[in-house]
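The chains referred to below are lettered A, B, ... by the order of the sequence lines, with proteins before strands, and numbering in each begins at 1.
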Protein chains: 2
Amino acid sequence: MTTSRVTIKDVAARAGVSKGAVSLAFNHKPGLSEATRDRIFEAARELGWAPNLTARTLAGSRVDVVGLAICRPARLLGLEPFYMEFVSGVESVLIERNCSLLLRLVRNVEEEVGLQETWWRGRQIGGSILVDFRADDPRVGAVERLGMPVVAVGHPSLTGSLTSVWTDDATAVREAVRYLAALGHRRIARVGGAAALGHTAMRTAAFDEAARTLELAGAWQVTTDYSGEAGARATRSLLSAAPADRPTAIVYDNDIMAVAGLSVAAEMGLSVPADVSLLAWDDSQLCRLTHPTLSAMSHDVHGFGADAARTLFGAITGDGPGSHPVPTPVLTPRGSTAPPRM
Amino acid sequence: MTTSRVTIKDVAARAGVSKGAVSLAFNHKPGLSEATRDRIFEAARELGWAPNLTARTLAGSRVDVVGLAICRPARLLGLEPFYMEFVSGVESVLIERNCSLLLRLVRNVEEEVGLQETWWRGRQIGGSILVDFRADDPRVGAVERLGMPVVAVGHPSLTGSLTSVWTDDATAVREAVRYLAALGHRRIARVGGAAALGHTAMRTAAFDEAARTLELAGAWQVTTDYSGEAGARATRSLLSAAPADRPTAIVYDNDIMAVAGLSVAAEMGLSVPADVSLLAWDDSQLCRLTHPTLSAMSHDVHGFGADAARTLFGAITGDGPGSHPVPTPVLTPRGSTAPPRM
DNA sequence: AACGTTTTCTTAACCGGTAAAGTCCCTATT
DNA sequence: AATAGGGACTTTACCGGTTAAGAAAACGTT
């Protein structure tokens with residue numbers, strides 16, 4: 001049984017005023033006596049009325065929805081703790097501003113560009129959070145053309161003139177490699193994320209450079225699709241070399257691959273960290289639940305999401321473009337890293 | 001540089017027709033000649049126009065957004081593979097209907113009731129997916145009163161007259177216990193989810209009943225908040241009893257707790273499955289990444305989300321209420337279960 | 001040729017709000 | 001007493017579409 005919709009008119013009639021007055025009251029604007037204001041709120045309460053956001057948006061006021069399009073095959077997404085944690089950080093900020101998140105999975109960047117444009121043109125959103133930047137990302141130009149407020153989650157070198165929120169991945173990679181080298185490792189491998197992503201490229205470059213600087217005897221890099229399966233495959237391949245040639249330490253680009261790596265080591269009869277050290281990335285709760293616990297480049301993903309959301313609100317309310325670094329991931333040694341067996 | 005907004009008027013002018021004609025064309029309604037239709041689409045293409053969804057919604061057509069409110073502390077959410085996988089399943093259906101998901105975290109059911117009402121009254125959504133039902137859930141009445149199309153994810157006994165999509169948890173629990181008993185286990189424990197949730201209660205009851213029926217020598221149940229930490233705590237407490245008194249098999253209500261349990265066993269020097277068998281629930285990819293791999297009551301969560309979304313569309317387009325069971329979780333034995341050591 | 005039907009398109013009234021401009025009345029000032 | 005200045009509301013014109021009702025042209029019929 002659908003209650004016939006209550007509109008501003010009904011409230012106005014009930015309170016004995018014009019709909020303009022109701023609008024003024026509900027937007028806390030001056031020009032009404034306390035008495036009338038009360039009468040209006042009372043009437044609205046009695047009728048169970050709340051302003052129709054669609055109409056309000058159309059009439060030109062603010063939109064209290066922000067967009068987030070994620071470009072991953074839907075099946076893979078469920079497996080990435082990163083996004084859910086990121087989203088939960090975003091939500092924690094949205095919730096206190098009474099704002100909602102419009103979430104959409106897209107198949108590729110072009111589709112995302114179209115979607116963002118539709119959202120923006122259609123006034124469906126007040127701004128957007130852009131993630132997963134790649135080199136020469138088409139979203140940069142598109143968003144500039146539209147004049148849409150956004151926060152770009154990615155390194156300034158990828159996000160151009162857009163307001164960005166980013167972590168210093170290069171430094172973090174350097175620190176990870178230095179740490180392993182300091183433990184005595186000379187043959188280090190890295191199981192990277194999706195090659196197309198800008199931050200993967202930056203980490204790859206940083207790893208190369210660190211390997212050269214430290215004059216490592218061996219340095220491998222593989223890229224994957226971030227899935228546990230791919231991480232397992234990569235690990236299996238890395239560890240199947242002869243003991244004298246295989247890496248004694250492996251750095252992973254997320255934690256799910258590190259967990260997979262841990263289990264591959266066990267399956268191959270190698271002990272962690274005695275035979276091989278493993279270092280995870282992002283550090284969700286997962287890293288503390290394995291045995292041995294996983295050392296990780298720890299990163300407050302939840303806080304990262306919250307920062308992104310806050311920065312987006314800044315952009316929506318007119319802050320100029322800016323670059324907002326968030327804390328660099330810090331090395332959190334746990335049970336999966338140790339000096340190599342001599 | 002904001003491109004001045006292109007509206008239906010501009011397109012109409014350019015095509016030399018009235019805006020009504022443009023509307024007809026874009027809604028594929030009869031009453032226009034092929035030639036005019038083409039001219040209109042051509043004009044729209046040239047101007048890069050797409051209908052403003054806000055205006056379209058206001059004018060009374062359908063809303064292409066569905067709502068999902070999740071009631072968990074934001075921090076916890078990131079850790080639950082279930083939701084992300086469920087959401088990705090929902091998205092996989094939405095995407096092909098060009099629909100978006102409005103996601104919001106709420107603190108409690110009352111807040112959710114208010115939110116759903118605001119969304120619906122404000123025509124922000126065309127329908128909603130309701131999750132995490134509890135006994136005497138206030139959403140049932142509220143939604144009926146509003147006449148809003150929804151799909152309730154939960155057992156019919158909890159969702160009343162609402163269209164529901166559900167798994168037969170009781171049967172699954174029974175199967176899990178029977179399986180362990182068949183392996184020879186006589187002391188079985190269950191680490192359950194949040195006590196307030198309806199399906200937790202149903203599983204608890206089913207476990208009790210199964211234990212009675214099978215005349216188990218020992219049966220424990222604990223409820224937690226679904227977090228890995230809580231799972232670890234519970235496991236530690238269960239396993240710290242004297243060998244002759246402690247459970248030889250533990251069933252978990254999700255997979256993250258099972259992973260945590262696995263690591264606690266290792267930390268306590270117990271071997272899995274020789275000393276204790278572990279059985280996970282939901283079975284995300286995680287279960288195949290541990291060592292030993294985790295046996296699980298496997299459940300296609302992605303498909304579950306997709307089914308829920310499809311059912312919601314049915315409800316939106318006028319299908320009457322109905323109850324849609326999805327396949328019962330099936331036992332997937334892997335490395336973490338075996339007969340108990342005698 | 002006159003007349004009813006279709007087909008094709010236009011007009012105009014909403015949808016439910018917002019906001020600028022206008023009205024009315026009451027008080028203070030000169 | 002006339003005038004200016006506010007406060008408290010109301011009017012009215014949008015926002016950008018949809019849709020029912022109306023009008024003009026094309027067509028078939030007798």
Check: Does B:Asn52 put a side-chain nitrogen or oxygen below 4.0 Å from OP1 or OP2 of D:dC15?
Finding: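 Negative; the distance criterion is not met.
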Checklist line | Short side-chain N/O contact to D:dG16 OP1/OP2 from B:Lys9, under 4.0 Å | finding: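 False: B:Lys9 side-chain N/O out of range (4.0 Å or more) of D:dG16 OP1/OP2.
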Check: Does the ring centre of A:Phe26 sit less than 6.0 Å away from the ring centre of A:Trp49?
Finding: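 Under 6.0 Å, so yes.
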Note to self: With a 3.5 Å distance limit and no angle check, can you tell me whether B:Arg104 reaches the backbone of A:Glu91 through a side-chain donor-acceptor pair?
What the structure shows: no
Taking [atom1] from [X] and [atom2] from [N], how many angstroms apart are they, rounded to a whole number?
X       : N      : atom1 : atom2 : result
B:Leu58 : D:dG17 : CG    : P     : 12 Å
A:Lys29 : D:dT10 : NZ    : P     : 17 Å
A:Arg56 : C:dG17 : CZ    : P     : 9 Å

Next item on the list: Would you work out how much the helix from C:dA1-D:dT30 to C:dT30-D:dA1 bends between its ends, with each end axis defined by five base pairs, to 10 degrees?
Entry: 60°
Notebook entry, point to check: Any side-chain heavy atom of A:Leu130 sitting closer than 4.5 Å to one from A:Gln116?
Noted result: yes
Check: Just wondering, are more than 12 heavy atoms of other shown residues or ligands nearer than 6.0 Å to CG in A:Asp136?
Finding: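 No, the 6.0 Å shell around CG holds no more than 12 heavy atoms from other groups.
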Item checked: B:Arg107 atom CZ, neighbour heavy-atom count above 12 within 6.0 Å ->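 It does not: B:Arg107 CZ has 12 such atoms or fewer within range.
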Notebook entry, point to check: Do A:Thr163 and A:His324 have side-chain N/O donor and acceptor atoms under 3.5 Å apart?
Noted result: no
Next item on the list: Supply the atom-to-atom distance B:Leu162 CG to B:Ser128 OG, rounded to the nearest 0.5 angstrom.
Entry: 11.5 Å
Are there any protein N/O atoms within less than 3.5 Å of an N/O atom in nucleotides 8-11 of chain C, and if so, which ones and at what distance?
residue: C:dC9; atom: OP1; partner: B:Ser33; partner atom: OG; Å: 3.4
residue: C:dC9; atom: OP1; partner: B:Thr36; partner atom: OG1; Å: 2.6
residue: C:dC9; atom: OP2; partner: B:Ser33; partner atom: N; Å: 2.6
residue: C:dC9; atom: OP2; partner: B:Ser33; partner atom: OG; Å: 3.2
residue: C:dC9; atom: OP2; partner: B:Thr36; partner atom: OG1; Å: 2.9
residue: C:dT10; atom: OP2; partner: B:Ser18; partner atom: N; Å: 2.9
residue: C:dT10; atom: OP2; partner: B:Ser18; partner atom: OG; Å: 3.0

Notebook entry, point to check: Using 4.0 Å as the upper bound for N to carboxylate O, is an ion pair formed by A:Glu42 and A:Arg45?
Noted result: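 Salt bridge: yes.
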